[in-house]
Amino acid sequence: LAQQALLRQCGTDGDPAQIQACSALIEAGRGNVAAYHGARGQALLAKGDCDGALADFDAAVRLRPNDSDSQGGRGLVFYSCKHDYRQAVAAFSEVIRLTPRDPGAYDIRATSRRYLGDLDGAIADDDIAIRLSPRFGMYYGNRAITWTEKGDAPRALADFNRDVELEPTVAAVLNNR
């Protein structure tokens, strides 16, 4: 019964006892320890503990190197927490190798590439994200920002307009255009 409660708490995002429950399960060393590290990593990332989250995602990757979720967790730490876009590109390249039909991985890698000044690489990645998920407006908006940085206003406006068509109630979308 106690084990079931720990499993439930560890697997429930936002549960105040999530980190503690995952830690207890990791210490016990039984079950899906990689998943417990991944869940605790997500909880630590949500709290802004970049180093703790990265340590957990690294542990999960060591236990399950082909788990794209753990690789993606590493990428999110580098992208959103540490702002190390070179490492984010590397991590999301690994996610793409493992799950080549994940449009979100292409989009985050595109944005990371844009931050690094690789505008052509960013557009190529967002082209793939759009091809994989053509009804998700944010990908058009992100590509539009890159077109803007390249100085291609007509392509940027076309992508901003498509983003507005797909997400007409999102204020940021309207402001970007």
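Computation of the quantities below employed the complete heavy-atom set of this structure, encompassing side-chain atoms and omitting hydrogens, waters and symmetry-equivalent molecules. Everything quoted here is computed from the prediction, not taken from an experiment.
In terms of heavy-atom proximity, Leu45 sits nearest to Ser80 at CD1-OG, 4.3 Å. Here the shortest heavy-atom pairing between Cys10 and Leu25 reads CB-CD1, 3.6 Å. When every heavy atom of Ala60 is checked against every heavy atom of Ala34, the shortest pair comes out as CB-O, 3.5 Å. The shortest heavy-atom contact between Ile19 and Leu44 is CD1-CD2, 3.6 Å. Closest heavy-atom contact between Gly141 and Asp163: CA-OD2, 3.3 Å.
When side chains are defined from C-beta on, Gln3 counts as touching Arg30, because their heavy atoms get closer than 4.5 Å. Side chains of Tyr140 and Asp126 form no contact here, defined as non-hydrogen atoms less than 4.5 Å apart. Residues Val89 and Arg113 are in side-chain contact: their nearest non-hydrogen atoms beyond the backbone lie under 4.5 Å apart. Looking at Thr148 and Phe160, their side chains come closer than 4.5 Å, going by heavy atoms from C-beta outward. In this structure, Phe136 and Pro103 have side chains that are not in contact, with every pair of non-hydrogen atoms separated by 4.5 Å or more.
Within 6.0 Å of the CD atom in Gln87, the count of heavy atoms belonging to other residues, nucleotides or ligands exceeds 12. More than 12 heavy-atom neighbours from other residues, nucleotides or ligands sit within 6.0 angstrom of CZ on Arg162.
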Salt bridge (Lys or Arg N to Asp or Glu O under 4.0 Å) evaluation trace for Lys82 with Asp51: CA-CA 9 Å; Lys82 291 185 171 279; Asp51 294 330; 2.6 Å; yes
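Side chain of Tyr106 to backbone of Pro100: a donor-acceptor contact under 3.5 angstrom is found. Between the Glu167 side chain and the Met138 main chain, a donor and an acceptor come within less than 3.5 Å of each other. Although no hydrogens or angles enter the test, the distance criterion places a donor-acceptor pair under 3.5 Å between the side chain of Ser112 and the main chain of Ile108.
When hydrophobic clusters are built by joining Ile, Leu, Val, Met, Phe, Trp and Tyr residues whose side-chain heavy atoms come closer than 4.5 Å, directly or via intermediates, Ile130 is not grouped with Ile128. Under a hydrophobic clustering in which Ile, Leu, Val, Met, Phe, Trp and Tyr are joined whenever their side-chain heavy atoms come within less than 4.5 Å, directly or via other members, Tyr79 and Leu116 fall into the same cluster.
Partners of Gln9 according to the side-chain hydrogen bond (donor to acceptor under 3.5 Å, both in side chains) rule, which considers only residues two or more places apart in sequence or in another chain, do not exist here.
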